[in-house]
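Working notes, beginning with the structure itself.
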Amino acid sequence: MKPIKYTGTLSDDQWNKVADILSRATRLDLTQHDYRAFVEAVLWVILNRKAWADIPPHFGKPKSIYTRFYRWNENALWHLLARRSTHDQELHLMLAQINDRCDFLNRRREFRSQDRIDIRQENSATLANHQNGVIAHQKSTPDPSR
């Protein structure tokens, strides 16, 4: 997918489409928080291939933005936005790139989780073998006091 240079602002029409999708699909009160600035911050990071820590201050705190991004990913809101934004090609392409990043993060998290499971299983097996070896060694070693 060709990278899109993103300046950090959605058009009013694009934001209205995003807000409409979110309000129909979620219980988010779009007046409660500045969701537009949040979506624009995520687009800025993803489309410009920047680090979360590099987010311009006018978007908010990078940690807060990343945390909300992560929660939206966990709740598949980015996938929902990408799927339902096909009527606006530019918006759809931007949201699809967020979707791609989410898919990458989800695969990486799954891989790491599997690694942790494998390591725990190896550690358990090693511990069990060690304990069995100690027990077997104790049984085969004659007691010097006898």
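For clarity, every value in this text was computed on a predicted model and none was experimentally measured.
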Can D20 and R24 be said to form a salt bridge (charged side-chain N to carboxylate O under 4.0 Å, His left out), step by step?
CA-CA 6 Å; D20 184 55; R24 291 173 188 258; 2.9 Å; yes
Assess whether side chain to side chain contact (heavy atoms under 4.5 Å, CB included) is satisfied between L10 and L91, documenting all intermediate values.
CA-CA 9 Å; L10 290 169; L91 178 62; 4.2 Å; yes
Kindly indicate, with the supporting measurements, whether the criterion side chain to side chain contact (heavy atoms under 4.5 Å, CB included) is fulfilled by L22 and W72.
CA-CA 11 Å; L22 289 173; W72 281 34; 3.6 Å; yes
For a side chain to side chain contact (heavy atoms under 4.5 Å, CB included) check, start with the C-alpha distance between L105 and R108, then their side-chain angles and the critical distance, and finish with the verdict.
CA-CA 5 Å; L105 294 173; R108 187 174 73 177; 3.5 Å; yes
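Here the side chains of V45 and F69 are not in contact, with every heavy-atom distance at 4.5 Å or above. By the 4.5 Å heavy-atom criterion applied to side chains, V39 and W44 are not counted as neighbours. Contact annotation: the side chain of V42 approaches that of W78 to within less than 4.5 Å [non-hydrogen atoms, C-beta and beyond]. Considering only heavy atoms from C-beta on, S85 comes within 4.5 Å of I21 through its side chain.
Taking CD1 of I55 as the reference point, atom NZ of K63 lies at 12.0 Å (rounded to 0.5 Å). Atom OH of residue Y35 and atom CZ of residue F38 lie 8.5 Å apart, to the nearest 0.5 angstrom. One distance of note links CD of Q97 with CZ of R49; it measures 7.0 Å at 0.5 Å rounding. For the atom pair E90 CD and S11 OG, the distance stands at 7.5 Å (nearest 0.5 Å). Atom CG of residue L77 and atom CG of residue N99 lie 11.0 Å apart, to the nearest 0.5 angstrom. T26 contributes atom OG1, which lies 8.0 Å from atom CG of L80 (distance to the nearest 0.5 angstrom).
Ring pair Y66/W52 is perpendicular by interplanar angle, where above 60° counts as perpendicular and below 30° as parallel.
Proximity of a side-chain donor or acceptor of N106 to a complementary backbone N or O of C102 within less than 3.5 Å is detected. The backbone N or O of F59 sits nowhere less than 3.5 Å from a side-chain atom of E40 that would complete a donor-acceptor pair. With H92 contributing its side chain and A82 its backbone, the two residues share a donor-acceptor pair below 3.5 Å.
By the side chain to side chain donor-acceptor pair (under 3.5 Å) test, D88 pairs with K17, sequence neighbours left out.
For the residue pair N73/H79, the side-chain donor-acceptor check at 3.5 Å is not satisfied.
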